[in-house]
Amino acid sequence: MRMAQRFKRVGKSTKPIRTSESGINDPEYRASQRLQSVSTVAKPKSRETESPKPLSLPIPIAIRSPHSLDEMKILPPQFFQIDALDLAPRLLGKFLKRNDVVLQITEVEAYRPNDSACHGRFGITQRTAPVFGAGGHAYVYLCYGLHTMLNVVADKEGVGAAVLIRSCAPITGLSTIQQRRGQKTEKPLLLAGPGKVGQALGISKEWSNHPLYSPGGLEILDGPNPENIIVGPRVGIEYALPEDVNALWRFAIAGTPWISAPKNTLRPP
DNA sequence: GAAAAGATTAAA
DNA sequence: TTAATCTTTTCC
């Protein structure tokens with residue numbers, strides 16, 4: 001029943017992704033992004049025999065060397081204080097860190113003001129207050145009475161916007177992740193899905209409003225920008241207005257196996 | 001106060 | 001396909 005509804009509406013819109021206008025104002029941060037960013041321009045097709053699918057995201061240097069993990073920089077508050085639609089794709093490739101566990105963000109969704117799918121649509125309540133706070137905090141809530149969902153609050157204070165972390169790739173602390181998840185696998189079953197991310201990080205709604213830019217607890221560290229991104233309509237929001245259901249506000253790293261279901265609604269922008 | 005529904009998951 | 005499970009929001 002719900003499955004049928006879920007697949008009924010697949011976004012056919014060709015509306016281009018909104019690109020950053022205001023962007024990040026900190027010049028120092030911009031410089032560092034330039035240095036480490038990988039080209040986002042699609043490579044020209046040299047041969048027709050080439051595989052149509054892009055290869056998996058290259059393994060970040062940080063994965064191989066714990067030493068370089070120590071040098072990874074925590075992202076400043078201003079990184080998050082932009083439109084959720086700009087922030088969402090920028091979070092791809094970044095790292096979530098809690099003690100020994102480090103996850104790389106592979107799939108996200110943007111939720112914004114005047115968005116009938118956003119939890120902020122009823123205004124400030126006890127649960128949603130962090131969504132209206134300054135960008136860079138966590139918004140954590142319980143879904144279906146079972147699952148802990150982690151969002152990154154976006155934009156300025158007073159704006160109700162956030163980015164849902166839907167999937168991650170495990171980087172360090174695999175055994176801790178497996179223990180918390182109750183799964184011994186290393187396959188995407190381990191971390192592809194928003195409830196799984198919250199469980200793997202061992203967080204509860206008590207973590208809502210936690211600052212992600214402060215050392216200690218749960219942090220977001222800088223990471224490489226993905227080569228290519230795929231987009232699609234958001235998942236599980238059939239109750240929303242059609243224009244919001246159809247908006248292509250779900251983003252994922254192209255080629256990564258760490259993507260939640262349904263995958264067939266994602267495609268190049 | 002009661003009731004419905006939910007940004008889901010794993011197992012059958 | 002369905003049960004699990006409980007908080008939030010709405011409606012009477």
Side-chain angles (χ1 to χ4, degrees), chain A residues 1-11 84-85 87-89 91-92 96 103 105-132 137-155 160-168 170 177-209 231-252 258-263 265-266:
Chain A
M1 19 191 258
R2 292 202 59 218
M3 286 302 264
Q5 291 179 332
R6 181 163 300 174
F7 286 98
K8 196 159 36 179
R9 291 205 188 108
V10 176
L85 206 42
L87 177 62
L91 283 175
L92 296 174
L96 279 165
L103 311 182
I105 299 171
T106 54
E107 180 193 348
V108 297
E109 281 175 355
Y111 291 85
R112 309 170 71 225
N114 304 315
D115 170 6
S116 62
C118 182
H119 279 193
R121 66 189 181 280
F122 298 124
I124 300 176
T125 65
Q126 185 170 13
R127 178 181 66 155
T128 65
V131 177
F132 292 86
H137 295 252
Y139 166 53
V140 183
Y141 71 95
L142 198 61
C143 187
Y144 290 93
L146 297 165
H147 308 292
T148 303
M149 315 287 273
L150 172 63
N151 295 251
V152 177
V153 175
D155 225 309
V163 176
L164 172 68
I165 309 299
R166 284 196 63 87
S167 297
C168 291
I177 295 168
Q178 290 173 330
Q179 189 171 13
R180 286 178 180 155
R181 289 274 299 112
Q183 301 271 343
K184 289 181 183 174
T185 181
E186 291 185 35
K187 295 177 181 177
L189 170 69
L190 186 68
L191 271 179
K196 301 174 184 179
V197 172
Q199 191 178 22
L201 290 168
I203 57 173
S204 64
K205 61 176 188 173
E206 316 298 316
W207 286 80
S208 206
N209 211 31
V231 306
R234 294 172 293 177
V235 180
I237 57 161
E238 285 75 17
Y239 56 85
L241 295 175
E243 59 177 299
D244 294 325
V245 172
N246 293 327
L248 304 180
W249 292 352
R250 180 187 182 199
F251 304 87
W258 301 95
I259 297 182
S260 67
K263 296 175 185 165
T265 57
L266 289 162

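All chains are named by letter (A, B, ...) in the order of the sequence lines, taking the proteins before the strands, and each is independently numbered beginning at 1.
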List the atom of [X], the atom of [Y], and the distance in Å for their closest heavy-atom pair.
| X | Y | value |
| --- | --- | --- |
| A88(A) | V108(A) | O-CG2, 3.2 Å |
| L96(A) | C168(A) | CD1-SG, 4.1 Å |
| A192(A) | K196(A) | O-NZ, 3.3 Å |

Inset, instruction - Output yes when at least one side-chain N/O atom of Y239(A) is less than 4.0 Å from OP1 or OP2 of dA7(B), else no. - result: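 For dA7(B), OP1/OP2 do have a side-chain N/O of Y239(A) under 4.0 Å.
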Inset, instruction - Tell me whether the OP1 or OP2 atom of dT8(B) has a side-chain N or O from R166(A) closer than 4.0 Å. - result: yes
Side chain to side chain donor-acceptor pair (under 3.5 Å) against [X], all qualifying residues, sequence neighbours excluded:
| X | result |
| --- | --- |
| T148(A) | none |
| H147(A) | none |
| R234(A) | D115(A) |
| S204(A) | none |

Inset, instruction - List the steps and the verdict of side-chain hydrogen bond (donor to acceptor under 3.5 Å, both in side chains) for Q199(A) and R180(A). - result: CA-CA 6 Å; Q199(A) 191 178 22; R180(A) 286 178 180 155; over 6 Å; no
Inset, instruction - Specify the residues of residues 202-209 of chain A, ordered by number, for which at least one heavy atom lies under 4.0 angstrom from an atom of DNA chain B. - result: none
Inset, instruction - Nearest 0.5 Å please: distance from the CZ atom of R250(A) over to the CG atom of L266(A). - result: 4.0 Å
Legend entry - Straight-line distance of T185(A) OG1 to Q178(A) CD, nearest 0.5 Å: 7.5 Å
Under 3.5 Å, N/O pairs linking protein and nucleotides 3-5 of chain C:
unit_1	atom_1	unit_2	atom_2	d
dT5(C)	O2	Y144(A)	O	2.6

Legend entry - Note, I165(A) side chain near P194(A) side chain (heavy atom, < 4.5 Å): no
What N/O pairs connect the protein and nucleotides 9-12 of chain C at under 3.5 Å? Give each pair on its own line.
unit_1	atom_1	unit_2	atom_2	d
dT9(C)	OP1	T125(A)	OG1	2.9

Pick out the pairs of N or O atoms, protein on one side and nucleotides 10-12 of chain B on the other, that lie under 3.5 Å.
unit_1	atom_1	unit_2	atom_2	d
dA10(B)	OP1	R181(A)	NH1	2.8
dA10(B)	OP1	R181(A)	NH2	2.6
dA10(B)	OP2	K196(A)	NZ	3.0

Legend entry - Selection residues 180-208 of chain A - residue pairs positive for ring-ring contact (aromatic ring centres under 6.0 Å, His included), sequence neighbours left out: W207(A)-H210(A)
Legend entry - Listed partners of Y141(A) passing ring-ring contact (aromatic ring centres under 6.0 Å, His included), at least two apart: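 Result, ring-ring contact (aromatic ring centres under 6.0 Å, His included) vs Y141(A): H119(A), Y139(A).
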Just the rounded figure in Å: distance from [atom2] of [N] to [atom1] of [X].
| X | N | atom1 | atom2 | result |
| --- | --- | --- | --- | --- |
| N151(A) | dT8(B) | CG | C1' | 14 Å |
| L150(A) | dT8(B) | CG | P | 14 Å |
| E238(A) | dA5(B) | CD | P | 14 Å |
| Y141(A) | dT8(C) | OH | P | 12 Å |

Legend entry - CA sep, side-chain torsions, deciding dist, call: I259(A), T106(A), side chain to side chain contact (heavy atoms under 4.5 Å, CB included): CA-CA 7 Å; I259(A) 297 182; T106(A) 54; 5.5 Å; no
Legend entry - Short side-chain to backbone donor-acceptor contact, S260(A) and S167(A), under 3.5 Å: no
Inset, instruction - Kindly point out which of dA7(B), dT9(B), dT7(C) is positioned nearest to the side chain of P194(A)? - result: dT9(B)
Legend entry - Test side chain to side chain contact (heavy atoms under 4.5 Å, CB included) applied to Y239(A) - qualifying residues, sequence neighbours left out: A117(A), R121(A), I237(A)
Legend entry - Secondary structure string for DNA chain C (Watson-Crick or G-U under 3.5 angstrom, | for other-strand pairs): ||||.||||||.
